> 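Structure provided below as structure tokens; questions to follow.
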Amino acid sequence: MLKKIRAKLILLTVGSTLLSILLISFIMNIAIFHRYNRYLENEQMQAHQDIIDLVIKSYRLNNGWKSDAIDIINFSPIIHNYDIVIKDDNDKFIYEHILESSMIDVHNEMMGKMGHAMMGRDHPARTVEEGNYTVNKYNLVIDNNLIGNIEIGSVGPYLISERDIEFTRGINTSIALAAIISILVAILLGIYSSRIFSTPVMKITRAANDMRRGILDVQVKLSDNTVELQELVDSINHLARTLNQQQDLRKRLTADISHELRTPLTILQSHIEAINDGIWEATPDKLNILSKEVSRLIKLVEELKYLADIENHHLELNIKRINLSILLQEVADSFKYEFLTKGIALRTSITSEVLVEADQDKLKQVFINLLSNALKFTNKGGIADVNLTTDKDNALVAIKDTGIGIEVKDIPYIFERFYRSDISRNRKSGGAGIGLTIVETLVEAHSGKVYVESKPGEGSVFTVLLPKVSKSTYD
Ligand code: ADP
């Protein structure tokens, strides 16, 4: 249970809230207790002063320590909580008020309650036995004349009333109430925040499990806009899409490979059987057909090997500064004859002296593949253009044809290995769908890019972009 995100988050929120409440109430208790004690001490001092004022007033009213003056003091309620001894200026005993022992007990009980209310436990320092009873002695002076002195004895540095205890108890009740409310809020917050995290995680887990079972057309939708979660969901969706595409490609690939292998093998088998059975004679024509099929098989295997090599990072580039203009012209020239025999015009428009840093053979392979596609997918009477231009940083090679074109749905996949559009599949000509994969891998190995624009029935343009080297750096 505690291993779940939800439980962990709730525990974390409640735990941290509880800790904050404990800390705050502890600090508040100390602060309030301290301030409140000071307040009570001041009250005590004020009470002493009130008693002194009363005594002086009584003395004044009666012009001396007469019995009426003593009565006024005796009946006044303010002396109630104190031991009082008044002596005249000759230290002769005038008046005494003895605090009832029951009052001391009451006071001690109050102190105990107070300590309990403030600190949640009895306060051990507040007892008479431990010297909490104090006596303060004051001179009684009227118009600079000493008329006597007064000793006021009281329990503790201050007096505590039920009201005081109620006050501190009230504070503690409020803190406890705040704590309960905060914990409830923390639990709700914990549940809410855990939902924010656990719901998407559960959705992603479900999607991942579906993908594990082979259901790849899953897409997770998230209503929450948390950046990190959104990124995670995007990655999972991308993964599902890619796996789905790869699965389609793999299915297509298996079908393609078996088709590619079966066709030449069937032709070879039937021809050899016919010759073997004496139905056919092994004439040069017949042998030529067999040889062509064998060549097709060899080419396919070689392309597969080449692709496997470059995809397994066995691609070693022999980088040199080369003149792309010359290289492109050479490749175009080598195709002249084949285009001519197929009745397709091959035109070139090549900017001279365009320099690149590249592996000459690999780059040649790129243009050979693109030109053989232009040748393969263009019908008699069509035109193929080979252009070389430059912009500020790059050399741009465009190989354009007026061939069969590529459908929009196929364009994203034609660089995938073994991908062939349905139109090209139905044509007798055509390879195994590896040529463009090789082109893309080689161009990217040269820090370049290759992209295509095409319209079915109108033709295609393949553009290769390679970082160029300026003449001055070349020199
Ligand atoms: P292939 O060996 O089949 O030519 P590629 O990888 O070179 O394999 O090309 C993949 C697919 O892209 C082709 O089967 C074809 O459908 C499409 N394609 C490539 N070049 C052209 C082009 N110039 N015109 C029309 N379709 C093309």
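This is a predicted model, so every value here is computed, not measured. Computation of the quantities below employed the complete heavy-atom set of this structure, encompassing side-chain atoms and omitting hydrogens, waters and symmetry-equivalent molecules. Sequential numbering from 1 along the given sequence is applied to the chain's residues. Start at 1 and go down the list; that is how both ligands and their atoms are numbered.
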> Can you confirm whether Val331 sits close enough to Ile368 that some side-chain heavy atom of one is under 4.5 Å from a side-chain heavy atom of the other?
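Answer yes - side chains close enough.
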
> For atom CZ of Phe415, decide whether the heavy atoms of other residues, nucleotides or ligands shown that lie under 6.0 angstrom number more than 12.
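Enclosed.
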
> With rounding to the nearest 0.5 angstrom, report the OG1 to NE2 distance, Thr441 to His446.
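Here the rounded value is 12.0 Å.
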
> At less than 4.0 angstrom from any non-hydrogen atom of Ser460, what atoms of ligand 1 do you find?
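Answer for ligand 1: 22 (C), 24 (N), 25 (C).
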
> Pick, from Ile399, Asp410, Leu436, Val439, the option with the minimum heavy-atom distance to atom 5 (P) of ligand 1.
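Looking at heavy atoms only, Leu436 sits closest to atom 5 (P) of ligand 1.
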
> Would you say Asn369 contacts ligand 1, with heavy atoms under 4.0 Å as the rule?
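For ligand 1, residue contact (heavy atoms, under 4.0 Å) with Asn369 is absent.
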
> Side-chain contact test, heavy atoms from C-beta onward, threshold under 4.5 Å: evaluate it for Asn387 versus Val397 and give yes or no.
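Of all side-chain heavy-atom pairs linking Val397 with Asn387, none is under 4.5 Å.
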
> Side chain, backbone, both or neither: which part of Phe462 has a heavy atom under 4.0 Å from ligand 1?
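Near ligand 1, Phe462 shows its side chain, while the N, CA, C and O stay back.
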
> Using a 4.0 Å cutoff against the non-hydrogen atoms of Gly435, which atoms of ligand 1 qualify?
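Those qualifying, in numeric order: 5 (P), 6 (O), 7 (O), 8 (O).
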
> Please determine whether the number of non-hydrogen atoms from other residues, nucleotides or ligands lying under 6.0 Å from atom NZ of Lys400 exceeds 12.
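No.
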
> Any chance you could measure Ile183, atom CD1, to Thr13, atom OG1, to the nearest 0.5 Å?
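So the CD1 of Ile183 and the OG1 of Thr13 are separated by 11.5 Å.
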
> Within a distance under 4.0 Å of any heavy atom of Lys376, pick out the atoms of ligand 1 and give their elements.
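Numbered from 1, ligand 1 contributes 1 (P), 2 (O), 4 (O).
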
> Can you list the ligand 1 atoms lying under 4.0 Å from a non-hydrogen atom of Ile414?
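Matching atoms, with element in brackets: 10 (C), 12 (O).
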
> Under a 4.0 Å heavy-atom limit, does Ile406 contact ligand 1 with its side chain, its backbone, both, or neither?
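For Ile406, the contact with ligand 1 is made by the side chain alone.
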
> Distance from Leu268 atom CG to Leu297 atom CG, nearest 0.5 Å?
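Leu268 CG to Leu297 CG: 6.5 Å, rounded to 0.5 Å.
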
> Based purely on interatomic distance, does Asp401 place a nitrogen or oxygen under 3.5 Å from a nitrogen or oxygen of ligand 1?
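Yes - when backbone and side-chain N and O of Asp401 are compared with those of ligand 1, one distance drops under 3.5 Å.
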
